[in-house]
Amino acid sequence: MKKYVLHETFPSKETHIDFRSHLNDQQYEVVTKAEGPCLVLAGAGSGKTRTLIYRLAYLLERGVPPRNILLMTFTNKAAHEMRDRTEMLLKYKPKGLWSGTFHHVGNKSLRMYAEAVGYKKDFTILDEHDSQDLIKACMKGIEKVKGERFPKPSVVRSIISLSVNTKKSIQDILDEKYPYFWQFSDEIEKIKDIYQKKKKTSNSMDYDDLLSKWKELLETIPQARKRFTEQFKYILVDEYQDTNFLQADIIDILAEHHKNVLVVGDDAQAIYSFRGARVDNILKIPDRFRDVKIFKLETNYRSTPEVLDLANDSLKNNEKQFHKELKAVNDYLEKPALVEVKDLYSQASFVAQRVLEMREEGLELKDIAVLFRAHYQAAELEMELVKRGIPYIVRGGIRFFEQAHIKDVLSFLRIIVNPTDEISWMRALTLCPGIGPGYASRIYESFRKGGSNLKAFLTKDTPEGVPPKARSGYSRFYKIMKRLVGEAASGSPGDIINLIMEEGYHTHLLANYENAKDRVDDIRELVNFSHDYKAVQDFLNDVTLRENFRGETVLGANEDDEQLVLSTIHQAKGLEWDAVIIIGLCEGQFPHPKAMKEESEIEEERRLFYVASTRAKKYLYLMHPATRYDYQMGLVVARRSRFLEELNSNLYEVWAVEGESSFSEDEDSAEEIISLE
DNA sequence: TTCCAGACGTTTTTT
DNA sequence: ACGTCTGGAA
């Protein structure tokens, strides 16, 4: 028989995209001349994404095979957007491109060489909650944990994580960020040790491992290093200012052979130091790569001059900052509004009403965003929006895949894929009536003693460790697993989930939850989502690594519906809207009280304010509620955020809002009064 | 050991 | 308002 191989569509030699006409001079320079190590310092709204997309298209047009290009972005959304827009530009699908978040690419690389770092390739990825559970288990035997305020599992987790991401010792992390726990460094060190071992025996990696083991792989396995460094002829990295030590090291290694690394970033938008990101990475690029070419994109195409002036004025208060003035090219329109409201409720009413008005004026809901420092700030607003029937989506709410019922269902799948996944065993077993943590761990122990062989284990319908009163509960688990093992080879993830539902989980939901119907619907959504996957393994990876949120589009049928966007500022990075409303701009909320110990933290909060304001294309509303709710003291007076106070007052217009129950006396003020009906 | 109820202390930001 | 911890009953 003759083998016939279809080739990937390679572009013709001649350039059919007119790059020149789509880009300005600075962008064009980057797109066509970025060979060797390059740094692009790109201000907010300067067409950074656009430049990267065109660079990618340019490379592909020049005949660089997609598999030789590595594109690392900060979010999956960004990666998708870049791929989509590049495809539109090229009019074909580049196959085999490596693109995604650092964690994604790390995962992909590690699956190829798992054995080399002591893992099996079916390893499970632990999300933050799983990792916390495992740490909790590791803390069981440690003395002092019971004693006077030992940090909780979640805190221990973040201490360990920070130490991994910053390459610092536990002691250093404690000294810097948790001085009140200094006496526990030995214990935490010990927990970290046990945790690492437990992860290995259960064949699972947490988010940090996807970076640190990836780096370890590149450092210790020469053939892996050779393969990847030779493969990636071009490396493009977005949002470089938010990379941490590990990530920067990984890029250094990957780029060592071809040295074609293009990193893009803006030091003024560095907002992730809390998880170990170092602005220094971008500032010290010249030390990392000799002969690095530096490009600057300093024209802002997004915002009006008024919006940009305000943002720039705020940034002036930061000491540690490269000085850079962004120039706006858009026409003057109107000053940002500083809106004074008396409390959270009038803030919510104002936002809702103003949103409707803007809609009347011709904006669509999806062109408007409400931004906040922390998600709890959106609670009152959400209620108001529901009341008025304004459709919205929340980005940054509870993660869809982290909800209990979703994780319950997934735990069965995870056991099938990786039978040593202790966390999932515990989860699945404790779902059964009569089985709690005690019996569950005994059952798991007996499974391990039997050689961790799933098929063998399921030949007995009552293994050791199952007392009579847990029998009927266990039979439920047994029945499901028995069927899954038979089905797993042939069944799609969706079929398996349906099977779990049939075998009792549906009943379990009905029996245990008030809102069982919503939860059942969620599972249906999960099944829908899973249709894109043939392999259970791939499905699970994406579920854990993908950032999907409650109400977000993958899960909602109403993708094209018009909806208002509610988002944390962190989640809003890289996005833009015609109108942006920033709520909760008062002391005690923004800057966040927990981020005010050091000047550098305040500066990061200020950059956060900068990021928020520069999301606006045309209209910017800064909301100041005069009172806020403190969980200890109740209702307290809230002064304007320092980020407002320090602004030149010519740069905004003050709006005083009068609510229905307002007793405002100063009617004589010259300020505009907007009444809420 | 499990399970339920009531108390408590707690709230940043994310892969 | 939400998960986590505690105590007592089954």
Side-chain angles (χ1 to χ4, degrees), chain A residues 72-79 100-107 125-133 136 146 149 152-155 157-158 161-162 164-165 205-212 214 239 242-244 246-247 270-277 371-377 379-380 382-383 395-399 401-404 429-430 432-442 465-470 473 512 541-549 567-573 584 588-596 601 604-605 607-609 611-612 629-632:
Chain A
M72 289 206 275
T73 54
F74 207 69
T75 60
N76 296 294
K77 211 181 162 100
T101 62
F102 278 86
H103 294 83
H104 250 125
V105 179
N107 173 49
I125 301 169
L126 304 175
D127 70 16
E128 196 171 317
H129 201 274
D130 299 326
S131 142
Q132 188 185 314
D133 285 347
K136 199 174 176 181
K146 279 274 169 189
R149 47 181 151 88
K152 301 199 155 148
S154 65
V155 181
R157 195 209 60 82
S158 51
S161 171
L162 206 54
V164 172
N165 281 296
M205 295 202 196
D206 63 16
Y207 287 143
D208 299 334
D209 290 328
L210 294 179
L211 302 181
S212 64
W214 181 17
E239 309 280 13
D242 286 319
T243 55
N244 65 28
L246 288 173
Q247 292 164 321
I271 53 174
Y272 281 95
S273 73
F274 69 90
R275 69 168 200 207
L371 305 183
F372 35 83
R373 176 66 180 84
H375 15 251
Y376 72 90
Q377 292 180 293
E380 287 80 10
E382 279 194 65
M383 293 197 305
R395 309 193 75 231
I398 299 162
R399 286 175 187 74
F401 292 121
E402 284 178 12
Q403 294 175 78
L429 285 168
T430 47
C432 305
I435 300 179
Y439 295 149
S441 60
R442 277 194 228 169
V466 185
K469 61 177 175 172
N512 287 284
N541 288 343
D542 268 20
V543 159
T544 321
L545 285 178
R546 239 174 122 123
E547 34 180 275
N548 281 314
F549 297 95
S567 169
T568 61
I569 300 169
H570 284 88
Q571 280 280 323
K573 190 154 80 149
Q589 293 209 99
F590 193 10
H592 194 278
K594 289 218 164 171
M596 288 170 58
E601 291 180 304
E604 178 150 318
E605 293 286 300
R607 289 194 292 270
L608 209 45
F609 179 66
V611 169
Y629 203 77
D630 185 288
Y631 72 93
Q632 281 176 351

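Throughout, protein chains are lettered first and strands after them, A, B, ... in sequence-line order, and every chain is numbered starting at 1.
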State the pairing partner of dC4(B); accept Watson-Crick or G-U wobble contacts with both distances under 3.5 Å, and report none otherwise.
dG7(C)
Check every strand shown and say whether F274(A) touches a base, only sugar-phosphate, or nothing at a heavy-atom separation below 4.0 Å.
base
So which one's nearest nucleotide on DNA chain B is more toward 5', C432(A) or E604(A)?
C432(A)
Quick one: on DNA chain B, does K152(A) or Y272(A) contact a more 5' nucleotide (nearest heavy atom)?
K152(A)
Side chain of T568(A) (C-beta onward), nearest among dT4(C), dT14(B), dT2(B)
dT14(B)
Can you check the Q132(A) CD to dT10(B) P distance for me, whole Å?
15 Å
Indicate, with a heavy-atom threshold strictly under 4.0 Å, whether E128(A) touches base, sugar-phosphate, or nothing.
base
Can you tell me which nucleotide in dT14(B), dT12(B), dT15(B) comes closest to the side chain of H570(A)?
dT14(B)
K469(A) side-chain proximity, nearest of dT15(B), dT12(B), dT1(B):
dT1(B)
Applying a 3.5 Å limit to both distances, which nucleotide forms a Watson-Crick or G-U wobble pair with dT10(B)?
none
Side chains of N165(A) and L211(A): closer than 4.5 Å at any heavy-atom pair?
yes
Strictly below 4.0 Å: does R275(A) bring a side-chain N or O up to OP1 or OP2 of dT12(B)?
no
Taking atom C1' of dT12(B) as reference, at what distance in whole Å does atom CD of Q377(A) sit?
9 Å
Kindly point out which of dT15(B), dT4(C), dT12(B) is positioned nearest to the side chain of A374(A)?
dT12(B)
How close or far is atom P of dG3(C) from atom CZ of R157(A), stated in whole angstroms?
17 Å
Answer whether the closest heavy-atom distance between the side chains of R275(A) and N244(A) falls below 4.5 Å.
no
dT13(B) OP1/OP2 closer than 4.0 Å to side-chain N/O of Q571(A)
no
note: E380(A), atom CD; dA1(C), atom C1'; distance rounded to Å ~ 10 Å
How close or far is atom P of dT15(B) from atom CD of Q247(A), stated in whole angstroms?
12 Å
How would you label the contact of P467(A) with the nucleic acid (heavy atoms, under 4.0 Å): base, sugar-phosphate, or nothing?
nothing
Mind checking R442(A) for me? I need base, sugar-phosphate or nothing, with any heavy atom below 4.0 Å counting as a touch.
sugar-phosphate
Assert: residue with more 5' nearest nucleotide on DNA chain C, out of H129(A) and Y629(A), is Y629(A)
At 4.0 Å (heavy atoms only), tell me whether P437(A) reaches a base, stays on the sugar-phosphate, or touches nothing.
sugar-phosphate
Determine whether a donor-acceptor pair (one donor, one acceptor, N or O, separation below 3.5 Å) exists between the side chain of H592(A) and the base of dT12(B).
no
Looking only at side-chain N and O atoms, does H375(A) come under 4.0 Å of OP1 or OP2 in dT13(B)?
yes
Would you compute the distance between atom NZ of K136(A) and atom NZ of K152(A) and round it to the nearest 0.5 angstrom?
10.0 Å
Quick one: I435(A) CD1 to dC3(B) P, roughly how many Å, whole number?
9 Å
Out of V543(A), L210(A), D542(A), which residue meets the side chain to side chain contact (heavy atoms under 4.5 Å, CB included) rule with I125(A)?
L210(A)
How many whole angstroms separate atom CE of M383(A) from atom C1' of dA1(C)?
10 Å
With under 30° as parallel and over 60° as perpendicular, where do the rings of F74(A) and Y272(A) fit, or are they tilted in between?
tilted
Centroid-to-centroid, F274(A) to H570(A), below 6.0 Å?
yes
Between atom CD in Q589(A) and atom P in dT13(B), what is the gap in whole Å?
12 Å
